[in-house]
Visitor: 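Dropping a structure here in structure tokens format, bear with me for questions.
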Amino acid sequence: GGYCLQDILLILYISLCIMLRLRYDSATGVLRYIFYWLVDVVIPYYVVSRGVKNIKDLKEVVNGIVVAVLVVSVIGVFEYLKHWLLYSAIGAHYGSRDVTGGYLLRGDLLRAVATSGQPIILGYVVAIGIGFYFFIQDGIKDWKLRSIGFLILIAGIIAPVSRGPWVGLMVIMLVLFALSKQKSRIAV
């Protein structure tokens with residue numbers, strides 16, 4: 001079929017962002033920016049808007065996201081406990097000038113980064129993963145596995161030692177609580 005209103009609004013927004021970028025960036029910088037938009041926004045939007053037809057399909061997509069967030073949470077907890085950023089040397093090893101992350105501390109605590117590049121980004125990714133986890137938790141029949149997954153995610157949001165994502169998680173929890181038909185069902 002044709003384009004729906006959301007498609008047109010997304011195209012207009014991306015076009016505006018690219019036009020604004022043209023004012024101060026080089027041609028190659030703008031091309032890189034367009035590529036990032038395609039990979040980060042357009043392709044996922046297209047796949048979800050055209051591929052997800054029912055709640056079962058949506059739960060499969062969300063399951064994949066939650067599994068990825070669980071893996072990243074484990075990496076973040078490892079970094080936090082061992083005071084060692086696993087991915088910090090990769091960019092430098094391959095000669096990248098855009099090495100982000102680095103060792104950030106809050107007091108004596110290492111702020112985990114995992115693959116995100118920044119502790120705050122990791123925290124928000126895990127906060128969103130926790131919100132998604134509540135959406136799919138009914139599909140995990142074994143209460144032990146469900147509890148372990150939840151504990152990994154909670155440890156994963158603590159590991160970046162970032163307060164903003166903690167506040168974001170509280171907002172997610174309040175929204176889930178407000179929208180829940182059974183108010184007690186949110187607790188794991």
Side-chain angles (χ1 to χ4, degrees), residues 13-14 17-18 20-21 23-26 28-45 61-137 146-177 186-188:
Y13 178 70
I14 293 172
C17 290
I18 291 169
L20 292 173
R21 187 73 175 220
R23 297 182 333 173
Y24 64 88
D25 206 351
S26 67
T28 55
V30 171
L31 288 174
R32 183 181 320 108
Y33 187 70
I34 291 170
F35 176 76
Y36 291 155
W37 269 102
L38 286 172
V39 171
D40 295 343
V41 177
V42 174
I43 292 173
Y45 171 79
V61 170
V62 171
N63 276 331
I65 293 169
V66 169
V67 168
V69 172
L70 283 165
V71 170
V72 169
S73 293
V74 169
I75 293 168
V77 170
F78 176 85
E79 290 179 348
Y80 175 81
L81 293 175
K82 292 294 187 178
H83 297 278
W84 174 35
L85 298 180
L86 292 174
Y87 295 95
S88 65
I90 291 176
H93 178 73
Y94 287 105
S96 173
R97 292 177 291 144
D98 186 30
V99 178
T100 58
Y103 285 78
L104 297 174
L105 301 173
R106 176 153 289 144
D108 291 335
L109 303 174
L110 176 68
R111 298 179 67 195
V113 175
T115 58
S116 66
Q118 279 292 330
I120 294 174
I121 296 170
L122 174 61
Y124 279 120
V125 165
V126 177
I128 292 167
I130 291 171
F132 283 160
Y133 189 77
F134 286 114
F135 177 64
I136 63 157
Q137 73 177 347
R146 187 171 49 241
S147 298
I148 289 170
F150 183 71
L151 290 174
I152 289 171
L153 290 170
I154 292 300
I157 199 162
I158 292 170
V161 195
S162 297
R163 294 175 295 238
W166 298 344
V167 172
L169 177 61
M170 292 301 115
V171 170
I172 291 169
M173 299 299 292
L174 286 172
V175 168
L176 288 174
F177 182 75
I186 290 181
V188 170

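Keep in mind that what you see is a predicted model, and the values were worked out from it rather than measured.
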Visitor: Please confirm whether the ring centroid of Phe177 lies under 6.0 Å from the ring centroid of Phe134.
Guide: no

Visitor: Step by step, work out the side-chain contact (heavy atoms from CB on, under 4.5 Å) result for Ile128 and Ile65.
Guide: CA-CA 10 Å; Ile128 292 167; Ile65 293 169; 5.8 Å; no

Visitor: For the backbone of Gln118 and the side chain of Ser116, can you confirm whether one donor and one acceptor N or O come within less than 3.5 Å of each other?
Guide: yes

Visitor: For Arg163, look at atom CZ and say whether over 12 heavy atoms of other residues, nucleotides or ligands are found less than 6.0 Å away.
Guide: no

Visitor: Do Leu86 and Thr115 have side chains that approach each other closer than 4.5 Å (heavy atoms only, starting at C-beta)?
Guide: no

Visitor: Determine all donor-acceptor pairs shorter than 3.5 Å in which one atom belongs to a side chain in residues 66-75; sequence neighbours excluded.
Guide:
{"unit_1": "Ser73", "atom_1": "OG", "unit_2": "Val69", "atom_2": "O", "d": "2.8"}

Visitor: Mind listing the closest non-hydrogen atom pair of Ala112 and Gly76 along with its distance?
Guide: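 Looking at all heavy atoms of both residues, the shortest contact is CB-O, 3.1 Å.
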
Visitor: If you define the side chain from C-beta out and look only at heavy atoms, does anything of Pro119 sit under 4.5 Å from Leu104?
Guide: yes

Visitor: Nearest heavy-atom pair of Leu110 and Glu79: which atoms, and what distance?
Guide: CD2-O, 3.3 Å

Visitor: Excluding sequence neighbours, so at least two apart, what forms side-chain hydrogen bond (donor to acceptor under 3.5 Å, both in side chains) with Arg21?
Guide: Asp25

Visitor: Nearest heavy-atom pair of Ile157 and Pro165: which atoms, and what distance?
Guide: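 That would be CD1-O, 3.8 Å.
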
Visitor: For Trp166, does the CH2 atom sit with more than 12 other heavy atoms under 6.0 Å from it, leaving out its own atoms?
Guide: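 Yes, CH2 of Trp166 has more than 12 neighbouring heavy atoms, counting only those of other groups under 6.0 Å.
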
Visitor: Do Cys17 and Tyr33 come within less than 4.5 Å of each other through their side chains, counting heavy atoms only?
Guide: yes

Visitor: How long is the straight-line distance from CG of Leu153 back to CD1 of Ile148, given to the nearest 0.5 Å?
Guide: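 Answer for the CD1-CG pair, Ile148 versus Leu153, is 12.0 Å.
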
Visitor: Once you round to the nearest 0.5 Å, how far does OG of Ser162 lie from CG of Leu122?
Guide: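 It comes to 7.5 Å.
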
Visitor: If you measure from CD1 on Ile152 to CD1 on Ile130, what distance do you get to the nearest 0.5 Å?
Guide: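 Between atom CD1 of Ile152 and atom CD1 of Ile130 there are 11.5 Å.
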
Visitor: When the aromatic ring centroids of Tyr13 and Trp37 are compared, is their separation below 6.0 Å?
Guide: yes

Visitor: Please report the shortest heavy-atom distance between Phe150 and Tyr133, naming the atom on each side.
Guide: N-OH, 3.5 Å

Visitor: Under the side-chain contact (heavy atoms from CB on, under 4.5 Å) rule, what do Arg111 and Ile120 come out as? Steps first, then yes or no, please.
Guide: CA-CA 9 Å; Arg111 298 179 67 195; Ile120 294 174; 3.8 Å; yes

